[in-house]
A.B. asks: 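Take a look at this one; I'll ask things after.
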Protein chains: 2
Amino acid sequence: MARTQGSHSDITGPRIREAALALFARHGYAAVSMRQIAAEVGVQAGALYNYIPDKQALLFELMQGHMAELLEAIAARPAPTGALARLDDFTRFHIRFHAARPEAVFIAYMELRNLTPPNFAAIEALRQHYEGLLEAIIGAGIAEGSLSTPDPKLATRAVIAMLNGVNTWFRADGRLSLGEVETLYRDMVLKALGA
Amino acid sequence: MARTQGSHSDITGPRIREAALALFARHGYAAVSMRQIAAEVGVQAGALYNYIPDKQALLFELMQGHMAELLEAIAARPAPTGALARLDDFTRFHIRFHAARPEAVFIAYMELRNLTPPNFAAIEALRQHYEGLLEAIIGAGIAEGSLSTPDPKLATRAVIAMLNGVNTWFRADGRLSLGEVETLYRDMVLKALGA
DNA sequence: GTCTATAGATCGATAGAC
DNA sequence: GTCTATCGATCTATAGAC
């Protein structure tokens with residue numbers, strides 16, 4: 001990994017984020033040193049500070065970037081017509097998006113307590129916005145009569161938790177394909193919400 | 001918190017575990033120092049080593065104790081007759097048991113990666129044993145025809161994840177009582193499993 | 001059983017040479 | 001933009017007095 005001297009402003013920045021993402025996900029933010037990140041990138045620790053003000057900002061950027069990507073991806077998706085179709089689309093999107101970036105997802109849920117209070121508030125607002133999208137779908141389903149659940153807010157949290165669980169065990173080379181998992185979870189979600 | 005000198009073998013041990021539980025849950029294992037734990041107990045850092053061999057053993061004891069308590073509590077519970085009644089009992093037990101000890105639950109799920117490999121294997125075996133209890137109930141329900149779900153192993157994971165989610169938002173002084181939450185989740189679980 | 005003191009290592013972040 | 005070198009703080013764990 002050692003590199004000789006030279007100027008690499010275009011690639012070092014992204015590589016720092018990649019290395020930090022992998023190391024934070026594996027060992028946890030508090031257990032990873034700036035020297036470890038630097039070694040993974042192939043620079044000395046001091047060079048990291050040309051790209052980030054401090055370790056906290058590095059964590060925040062990773063989490064904010066992940067949440068922004070999530071919200072952009074769901075916003076860019078054309079919404080199907082009808083609550084059931086929208087719910088089907090949401091569950092498939094959620095599972096697929098999260099399965100594709102397990103490290104960022106892991107960090108986004110595990111390292112919240114290592115954010116400073118203002119940084120935490122910013123991430124929490126993004127998370128609540130995403131949750132609100134699902135709650136709106138469930139509310140629309142109740143309004144149109146295609147869904148029936150006594151407490152939409154609680155049901156929203158239950159569905160999100162269920163879908164998030166996929167990331168703790170899914171492996172691409174496992175017994176089920178991602179498409180099969182999506183369908184099985186979609187069916188459980190629809191039934192749980194009284195479709 | 002400062003204390004004068006003296007011998008307190010009977011109470012210092014449990015107090016160390018209590019302090020470590022609270023601090024690990026709030027700040028994370030890697031971010032908590034032995035000095036912080038000692039200060040919370042009211043002793044100097046060196047005194048901790050009369051009770052535990054090292055920091056890792058302290059984490060392991062907390063997690064193992066939690067899992068042992070969980071398995072003992074469910075084993076001591078008289079099993080109702082019929083899969084639906086057993087499922088109702090399991091969901092209520094799971095939610096109530098976990099809601100009563102949020103710190104231990106948080107540590108049990110968040111600090112797995114900070115265990116040494118042999119310690120991790122021991123905890124993981126206990127977790128799988130617990131999961132197996134729910135899988136057996138679901139399997140029995142399918143066998144007797146009261147439940148209908150295409151993949152019992154996947155359904156087991158989905159239900160556990162859904163139930164675990166309660167701990168991330170439930171507050172005793174919130175909108176819903178724990179009993180109400182239990183009932184709402186029980187209903188969603190039953191429906192999701194095709195009861 | 002707890003104290004004080006400390007060893008030996010490692011941390012985040014900065015300064016200045018190139 | 002990266003290097004070497006380092007400051008000052010902090011860490012786990014241990015040694016020896018009481």
Side-chain angles (χ1 to χ4, degrees), chain A residues 1-24 26-63 107 111 113-119, chain B residues 1-24 26-63 107 111 113-116 119:
Chain A
M1 274 296 173
R3 271 206 309 101
T4 51
Q5 276 183 279
S7 181
H8 300 271
S9 65
D10 293 349
I11 58 169
T12 303
R15 275 170 53 82
I16 289 172
R17 285 173 184 74
E18 287 167 28
L21 186 78
L23 287 168
F24 289 169
R26 186 183 310 267
H27 305 291
Y29 172 77
V32 172
S33 70
M34 299 299 274
R35 284 174 177 81
Q36 281 178 272
I37 297 169
E40 190 72 19
V41 174
V43 298
Q44 294 299 314
L48 299 180
Y49 293 89
N50 292 320
Y51 299 90
I52 48 154
D54 52 33
K55 193 184 177 189
Q56 167 70 204
L58 183 51
L59 175 64
F60 179 65
E61 279 179 30
L62 290 176
M63 294 179 70
I107 292 172
E111 304 295 355
R113 65 183 165 189
N114 285 312
L115 291 171
T116 60
N119 286 347
Chain B
M1 274 298 171
R3 270 208 310 104
T4 52
Q5 275 183 279
S7 181
H8 300 272
S9 66
D10 292 351
I11 58 170
T12 303
R15 274 169 55 81
I16 289 172
R17 285 174 183 74
E18 286 167 27
L21 187 77
L23 288 168
F24 288 169
R26 187 183 309 269
H27 305 291
Y29 172 77
V32 172
S33 71
M34 298 300 272
R35 282 177 179 79
Q36 281 177 275
I37 298 169
E40 191 71 20
V41 174
V43 298
Q44 294 300 313
L48 300 180
Y49 293 89
N50 291 320
Y51 299 90
I52 47 153
D54 53 32
K55 194 184 177 189
Q56 166 71 202
L58 183 52
L59 175 64
F60 179 64
E61 279 179 29
L62 291 176
M63 295 178 69
I107 292 171
E111 304 295 356
R113 64 183 164 189
N114 285 313
L115 291 171
T116 60
N119 286 347

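Everything numeric in this text was worked out from a predicted model, so none of it was measured. Throughout, protein chains are lettered first and strands after them, A, B, ... in sequence-line order, and every chain is numbered starting at 1.
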A.B. asks: Which listed nucleotide (C/dC3, C/dC11, D/dT2) is nearest to the side chain of A/Ala47?
C.D. replies: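 Nucleotide nearest to A/Ala47's side chain: D/dT2.
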A.B. asks: In whole angstrom, what separates B/Ile52's CD1 from C/dG1's P?
C.D. replies: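 Interatomic distance, CD1 of B/Ile52 to P of C/dG1: 14 Å.
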A.B. asks: Identify which nucleotide among C/dC3, D/dT14, D/dT6 has an atom closest to any side-chain atom of B/Gln44, counting heavy atoms from C-beta outward.
C.D. replies: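 It is C/dC3.
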A.B. asks: Apply the test salt bridge (Lys or Arg N to Asp or Glu O under 4.0 Å) to residues B/Lys55 and B/Glu61: give CA-CA distance (whole Å), side-chain angles for both, the deciding distance (0.1 Å), then the verdict.
C.D. replies: CA-CA 10 Å; B/Lys55 194 184 177 189; B/Glu61 279 179 29; over 6 Å; no
A.B. asks: Calculate the interatomic distance between B/Tyr29 atom OH and D/dC11 atom P; express it in whole Å.
C.D. replies: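 Roughly 14 Å, once rounded to whole Å.
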A.B. asks: Determine whether a donor-acceptor pair (N or O, by modelled atom type, separation under 3.5 Å) exists between the side chain of A/Gln56 and the backbone of A/Asn114.
C.D. replies: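 Side chain of A/Gln56 to backbone of A/Asn114: a pair is present.
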A.B. asks: To the nearest angstrom, how far is A/Arg15 atom CZ from D/dT2 atom C1'?
C.D. replies: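 Computing the A/Arg15:CZ to D/dT2:C1' distance gives 14 Å.
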A.B. asks: Heavy atoms from C-beta onward define the side chain here; which of C/dC3, D/dT2, C/dA13 lies closest to that of A/Asn50?
C.D. replies: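 The nucleotide sitting nearest to the side chain is D/dT2.
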A.B. asks: Indicate whether OP1 or OP2 belonging to C/dT2 is found under 4.0 Å from a side-chain N or O atom of B/Tyr51.
C.D. replies: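 Yes, because at least one side-chain N or O of B/Tyr51 sits under 4.0 Å from OP1 or OP2 of C/dT2.
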A.B. asks: Whole-Å distance between D/dA13 P and B/Leu58 CG?
C.D. replies: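 For the pair B/Leu58 CG and D/dA13 P, the rounded distance is 10 Å.
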A.B. asks: Could you walk me through whether A/Ile37 and A/Phe24 pass side-chain contact (heavy atoms from CB on, under 4.5 Å), step by step?
C.D. replies: CA-CA 9 Å; A/Ile37 297 169; A/Phe24 289 169; 4.0 Å; yes
A.B. asks: Can you tell if the side chain of A/Ile16 reaches within under 4.5 Å of the side chain of A/Thr12, non-hydrogen atoms only?
C.D. replies: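 Yes. Closest side-chain heavy atoms under 4.5 Å.
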A.B. asks: Out of C/dC11, C/dA13, D/dT4, which has the shortest distance to the side chain of A/Asp54?
C.D. replies: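 Nearest to the side chain of A/Asp54 among the choices is C/dA13.
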A.B. asks: Report yes if a side-chain nitrogen or oxygen of B/Ser33 is closer than 4.0 Å to either non-bridging phosphate oxygen (OP1 or OP2) of D/dT10; otherwise report no.
C.D. replies: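 It does not, given that no N or O in the side chain of B/Ser33 lies less than 4.0 Å from OP1 or OP2 of D/dT10.
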A.B. asks: Could you give the CD1-to-C1' distance, from B/Ile16 to C/dG1, as a whole number of Å?
C.D. replies: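 It is 11 Å, rounded to the nearest whole Å.
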A.B. asks: Using the closest heavy atom to pick a nucleotide of DNA chain C for each, name whichever of A/Gln36 or A/Pro53 lands nearer the 5' end.
C.D. replies: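 The residue mapped nearer the 5' terminus is A/Gln36.
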A.B. asks: Measure from the side chain of B/Val43, starting at C-beta and using heavy atoms only, and say which of D/dC3, D/dT6, C/dC3 lies closest.
C.D. replies: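 Closest nucleotide among those given: C/dC3.
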A.B. asks: Mind calculating the distance between CZ (A/Arg35) and C1' (C/dA9) to the nearest angstrom?
C.D. replies: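 In whole Å, C/dA9 C1' and A/Arg35 CZ are 11 Å from each other.
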A.B. asks: Has A/Thr12 got a side-chain N or O lying under 4.0 Å from the OP1 or OP2 atom of D/dT2?
C.D. replies: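 True: A/Thr12 side-chain N/O within range (under 4.0 Å) of D/dT2 OP1/OP2.
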A.B. asks: Just how far, in rounded Å, is P of C/dC3 from CE of B/Met34?
C.D. replies: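 Rounded to the whole Å, the gap is 14 Å.
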A.B. asks: State whether the side chain of B/Arg15 and the backbone N or O of B/Val41 hold a donor-acceptor pair below 3.5 Å, judged by distance alone.
C.D. replies: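 Yes; judged by distance alone, with no hydrogens or angles, the pair exists.
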A.B. asks: Given C/dC3, D/dT14, C/dA13, which nucleotide is nearest the side-chain atoms of A/Lys55?
C.D. replies: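 Nearest listed nucleotide: C/dA13.
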A.B. asks: Using whole Å, report how far CG of A/Leu48 lies from P of C/dT14.
C.D. replies: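 Checked: the CG to P distance equals 12 Å.
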